[in-house]
J.: 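This is the structure I want to talk about, given as structure tokens.
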Amino acid sequence: ECECMDEIMDLYDRNRQITKNTYIRGSAQPKGFFRLVVHVCIFNSKGELLIQQRTYNKKMPGLWDVTCGGAVSTKESSSQGAQRELSEELGINIDFTNIRPSLTANFAQGFDDFYILHRDIDLDDLVLQKEEVADARWENLDGVLALRRANKFVGYKESFIRFLFDLSRDNRYVEI
């Protein structure tokens, strides 16, 4: 089943200016162009991160990851992509209209916007997208680092994981 809207992505130049070019996800990304990816990290009032386990039919099967993430579709802004991914993957509906990314990590093929939010969400209220998400749970920094060291968490550097937790403590004022 193809959600073709999700498959076409806008391409950006090195200064993150949108170009008229697009590409189909999964095809070879044209050299000299960049794509936009988003990740959402939701922390609760105990300082725990909501993490999700990737399904076994996806790239990096069975690994745990931050709350959600994915590619930004064509004609979609970063915040619209973050709002859509969070809704699709976990059934969490948050209005991102006035939410900016906490940081952008540049990678070889593009830009990765990380949104850090603070919400106490009941796990029983989550609606997991069965094609993408196998499980979800709250985890503290030590727990995430233990998963990472056991190669059961997506391959972020430990220093980056610590940085996300540090940012979550520094950015509590962004709660809406």
Side-chain angles (χ1 to χ4, degrees), residues 1-3 5-7 9 25-26 35-73 76 78-96 99 101-105 107-169 171 174-175:
E1 178 172 279
C2 169
E3 287 188 43
M5 191 181 96
D6 290 348
E7 301 295 340
M9 299 171 63
R25 188 173 181 180
R35 68 180 189 261
L36 183 56
V37 174
V38 291
H39 282 91
V40 178
C41 302
I42 297 180
F43 289 85
N44 64 17
S45 55
K46 297 179 196 166
E48 297 167 322
L49 173 62
L50 181 60
I51 62 174
Q52 66 156 278
Q53 187 179 32
R54 302 168 62 84
T55 56
Y56 287 85
N57 60 346
K58 287 190 64 161
K59 196 168 92 176
M60 298 180 283
L63 293 186
W64 289 89
D65 199 350
V66 298
T67 309
C68 84
V72 173
S73 299
E76 201 175 46
S78 169
S79 60
Q80 289 168 330
Q83 181 172 324
R84 177 184 49 76
E85 288 287 345
L86 190 58
S87 178
E88 284 178 1
E89 292 185 12
L90 298 172
I92 299 171
N93 294 302
I94 294 174
D95 181 0
F96 275 70
I99 301 175
S102 299
L103 74 131
T104 300
F107 63 102
Q109 298 83 29
F111 309 97
D112 193 346
D113 286 345
F114 282 79
Y115 291 82
I116 294 179
L117 307 177
H118 297 89
R119 298 282 190 289
D120 284 321
I121 293 170
D122 187 333
L123 295 176
D124 292 334
D125 293 339
L126 298 179
V127 180
L128 306 183
Q129 183 182 22
K130 65 181 185 302
E131 300 81 16
E132 297 206 18
V133 183
D135 198 4
R137 72 182 199 225
W138 292 104
E139 196 60 75
N140 63 23
L141 174 60
D142 290 338
V144 172
L145 292 176
L147 286 168
R148 176 66 189 96
R149 290 176 189 139
N151 295 315
K152 293 180 180 177
F153 201 89
V154 170
Y156 301 107
K157 290 183 173 16
E158 280 195 24
S159 58
F160 188 73
I161 294 169
R162 290 179 190 281
F163 183 58
L164 291 174
F165 274 83
D166 285 346
L167 274 179
S168 81
R169 287 189 287 276
N171 286 342
V174 297
E175 176 143 5

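Note that this is a predicted model, so its numbers are computed, not measured.
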J.: Please name all residues satisfying side chain to side chain contact (heavy atoms under 4.5 Å, CB included) with Q83, sequence neighbours left out, ordered by chain then number.
T.: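 Only D95, F96 meet the side chain to side chain contact (heavy atoms under 4.5 Å, CB included) criterion with Q83.
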J.: For the atom pair OG (S78) and CD1 (I99), what is the distance rounded to the nearest 0.5 Å?
T.: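 Those atoms lie 11.0 Å apart.
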J.: Among residues at least two apart in sequence or on other chains, which ones pass side-chain hydrogen bond (donor to acceptor under 3.5 Å, both in side chains) with E85?
T.: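 Applying side-chain hydrogen bond (donor to acceptor under 3.5 Å, both in side chains) to E85 gives none.
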J.: Excluding sequence neighbours, so at least two apart, what forms side chain to side chain contact (heavy atoms under 4.5 Å, CB included) with Q80?
T.: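 Here the qualifying residues are E76, S77.
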J.: Would you please indicate if the ring centroids of F160 and F114 are separated by under 6.0 Å?
T.: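 Under 6.0 Å, so yes.
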J.: In Å, rounded to the nearest 0.5 Å, how long is the span from CG of L50 to CG of L86?
T.: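 Spacing of CG (L50) from CG (L86) equals 8.5 Å.
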J.: Do Y115 and S79 have side-chain N/O donor and acceptor atoms under 3.5 Å apart?
T.: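 The answer is no; no qualifying pair exists.
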J.: Applying salt bridge (charged side-chain N to carboxylate O under 4.0 Å, His left out), can you list everything that pairs with D65, at least two apart in sequence or on another chain?
T.: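 Listed in chain order: R54.
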J.: Any idea which heavy atoms bring E89 and C68 closest together, and the distance?
T.: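 So the minimum-distance heavy-atom pair works out to OE1-CB, 3.2 Å.
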J.: For A136 versus L90, what's the shortest heavy-atom pair and its separation?
T.: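 Smallest interatomic distance, heavy atoms only, reads CB-CD2, 4.4 Å.
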J.: Sequence neighbours left out, what passes ring pair (Phe, Tyr, Trp, His ring centres under 6.0 Å) with F165? Give chain and number order.
T.: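 Expected list: F43.
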J.: Just jot down the side chain to side chain contact (heavy atoms under 4.5 Å, CB included) partners of T55, sequence neighbours excluded, or say none.
T.: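 In terms of side chain to side chain contact (heavy atoms under 4.5 Å, CB included), with neighbours along the sequence ignored, T55 is linked to N57, K58, A134.
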